[in-house]
Amino acid sequence: MEILEVRRRSGALLEQLLELWERSVRASHTFLSPAEIAAIRPDVPGALTQVPHLVIARERETPLGFLGAEGRRLEMLFLEPEARGRGIGTALVRYALDAYSLREVTVNEQNIAARGFYEHLGFRTVRRTPLDEQGRPYPLLYMELPEP
């Protein structure tokens, strides 16, 4: 497996990551309806284009997961459903910890697996909101990694 920051974000790569995003969300965000996922989907390519640091984990030329980071904040982390549990998410986050001094992440409260994953890596909840950042009724947990 190779982990690398993507500087050139071709249309083909963005399409691969969009499809990976959708598979990941359908597997992990069970609190979202198919209609809600479809409504969010058009915003994903812009997020992938605009995030300052886009890092992918791949085998051969096939992406298995990706993360986006801005400053010290993890903006997104998505994995192929069959790649979960193989250490890929941990490897991506550790890459970002080293490369960008990552210290913050926001997670949907209903995504119990994601919350546990970040807690396992040392992140702690510092704030909760009853709505997500788009005003939808999905509580968010703002988590931080203590300074070393």
K.L.:
Please examine the side chains of L97 and L145, heavy atoms only from C-beta on, and report whether any two atoms are closer than 4.5 Å.
P.N.:
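Sidechains of L97 and L145: in contact.
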
K.L.:
Just how far is it from atom CD of Q110 to atom CG of L141, taken to the nearest 0.5 Å?
P.N.:
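Atom-to-atom, Q110:CD and L141:CG are 9.0 Å apart.
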
K.L.:
Could you tell me the separation between the CD atom of E75 and the CG atom of L67, rounded to the nearest 0.5 Å?
P.N.:
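Reported to 0.5 Å precision, the distance equals 10.5 Å.
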
K.L.:
Would you say L64 and F117 are hydrophobically clustered, going by side-chain heavy atoms of ILVMFWY under 4.5 Å?
P.N.:
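Shared cluster, yes.
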
K.L.:
Show your reasoning for whether side chain to side chain contact (heavy atoms under 4.5 Å, CB included) applies to R58 and E2.
P.N.:
CA-CA 5 Å; R58 67 183 186 185; E2 176 185 30; 2.8 Å; yes

K.L.:
Hey, are the side chains of Q16 and T62 touching, using non-hydrogen atoms and a 4.5 Å cut-off?
P.N.:
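Contact flag for Q16/T62 side chains = no.
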
K.L.:
Step by step, would you call R73 with T106 a side chain to side chain contact (heavy atoms under 4.5 Å, CB included)?
P.N.:
CA-CA 8 Å; R73 181 179 165 92; T106 303; 3.0 Å; yes

K.L.:
State yes or no: do L140 and V107 share one hydrophobic cluster built from I, L, V, M, F, W and Y residues joined by side-chain heavy-atom distances below 4.5 Å, directly or via other members?
P.N.:
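Each belongs to a different hydrophobic cluster.
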
K.L.:
M143 and side-chain contact (heavy atoms from CB on, under 4.5 Å): which partner among R124, E119, E104?
P.N.:
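When R124, E119, E104 are each tested with M143, the side-chain contact (heavy atoms from CB on, under 4.5 Å) holds only for E119.
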
K.L.:
Specify the closest pair of heavy atoms between P146 and G122, including all atoms of both residues, with the distance to one decimal.
P.N.:
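For P146 versus G122, the nearest heavy atoms are CD-O, 3.3 Å.
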
K.L.:
Evaluate the criterion salt bridge (Lys or Arg N to Asp or Glu O under 4.0 Å) for residue pair R72 and E147; output intermediate values, then yes/no.
P.N.:
CA-CA 12 Å; R72 295 169 54 122; E147 293 293 334; 2.2 Å; yes

K.L.:
Rounded to the nearest 0.5 Å, what separation is found between the CG atom of L54 and the CG atom of L4?
P.N.:
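Rounded to the nearest 0.5 Å, the CG-CG separation comes to 9.0 Å.
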
K.L.:
So which heavy atom on A39 is nearest to which on P42, and how close?
P.N.:
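For A39 and P42, the tightest heavy-atom pair comes out as O-CD, 3.3 Å.
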
K.L.:
Angle class for the F31/Y138 ring planes (parallel below 30°, perpendicular above 60°, tilted otherwise)?
P.N.:
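Ring orientation, 0 to 90° scale: tilted.
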
K.L.:
Between F78 and W21, how do the two ring planes meet: parallel, tilted or perpendicular, split at 30° and 60°?
P.N.:
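Geometry flag for W21 against F78: perpendicular rings.
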
K.L.:
In this structure, would V105 and Y142 fall into the same cluster of hydrophobic residues linked by side-chain contacts under 4.5 Å?
P.N.:
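Result: no, two separate clusters.
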
K.L.:
Return the CG to CG distance between L121 and L74, rounded to the nearest 0.5 Å.
P.N.:
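Going from the CG atom of L121 to the CG atom of L74 covers 10.0 Å.
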
K.L.:
Would you find a donor on one side and an acceptor on the other, under 3.5 Å apart, between the side chain of S24 and the backbone of L79?
P.N.:
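Between the backbone of L79 and the side chain of S24 there is a qualifying donor-acceptor contact (under 3.5 Å).
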
K.L.:
Would you say the side chain of L92 lies within less than 4.5 Å of the side chain of I88, judging by non-hydrogen atoms?
P.N.:
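Counting from C-beta outward, I88 and L92 do come under 4.5 Å.
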
K.L.:
Would a hydrophobic clustering, with Ile, Leu, Val, Met, Phe, Trp and Tyr connected at side-chain separations under 4.5 Å, put L17 with V93?
P.N.:
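Per the 4.5 Å side-chain linkage, L17 and V93 are not co-clustered.
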
K.L.:
Specify the closest pair of heavy atoms between I37 and R26, including all atoms of both residues, with the distance to one decimal.
P.N.:
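Where I37 meets R26 most closely, the heavy atoms are CD1-CG, 3.9 Å.
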
K.L.:
Testing the basics here: between A91 and M1, what is the closest heavy-atom pair and its distance to 0.1 Å?
P.N.:
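Smallest interatomic distance, heavy atoms only, reads CB-CE, 4.1 Å.
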
K.L.:
Hey, quick one: are M76 and V55 part of the same hydrophobic cluster, counting side-chain heavy atoms closer than 4.5 Å, chains of contacts allowed?
P.N.:
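No, no single cluster joins them.
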
K.L.:
Under the side-chain contact (heavy atoms from CB on, under 4.5 Å) test against V25, which residue among R23, E22, H29 passes?
P.N.:
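With V25 as partner, R23, E22, H29 yield a single side-chain contact (heavy atoms from CB on, under 4.5 Å), made by H29.
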
K.L.:
Passes side chain to side chain contact (heavy atoms under 4.5 Å, CB included), Y118 versus L77? Steps please.
P.N.:
CA-CA 11 Å; Y118 293 117; L77 174 63; 3.4 Å; yes

K.L.:
Could you tell me which non-hydrogen atom of I3 sits nearest to which non-hydrogen atom of Y95, and how far apart they are?
P.N.:
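Result for this residue pair: CG2-CD1, 3.6 Å.
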
K.L.:
Any non-hydrogen side-chain atom of P63 less than 4.5 Å from a side-chain atom of E80?
P.N.:
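A side-chain contact under 4.5 Å is absent here.
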
K.L.:
Looking at R94, I'd like to know if its CZ atom is crowded, meaning that more than 12 non-hydrogen atoms belonging to other residues, nucleotides or ligands lie closer than 6.0 Å.
P.N.:
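At most 12 heavy atoms, drawn from other residues, nucleotides or ligands, come within 6.0 Å of this atom.
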
K.L.:
If you define the side chain from C-beta out and look only at heavy atoms, does anything of F66 sit under 4.5 Å from L48?
P.N.:
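Answer yes - side chains close enough.
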
K.L.:
If you look at every heavy atom in E82 and R86, which pair is closest and at what distance?
P.N.:
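Minimum heavy-atom separation between E82 and R86: O-CD, 4.0 Å.
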
K.L.:
Does the D132 side chain pair with the main chain of Q134, one donor and one acceptor, at a distance under 3.5 Å?
P.N.:
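Yes, D132 side chain to Q134 backbone: donor-acceptor pair under 3.5 Å.
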
K.L.:
Given E5, which partner from the list R7, R9, R8 fulfils the salt bridge (charged side-chain N to carboxylate O under 4.0 Å, His left out) test?
P.N.:
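One option only clears the test, and that one is R7.
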
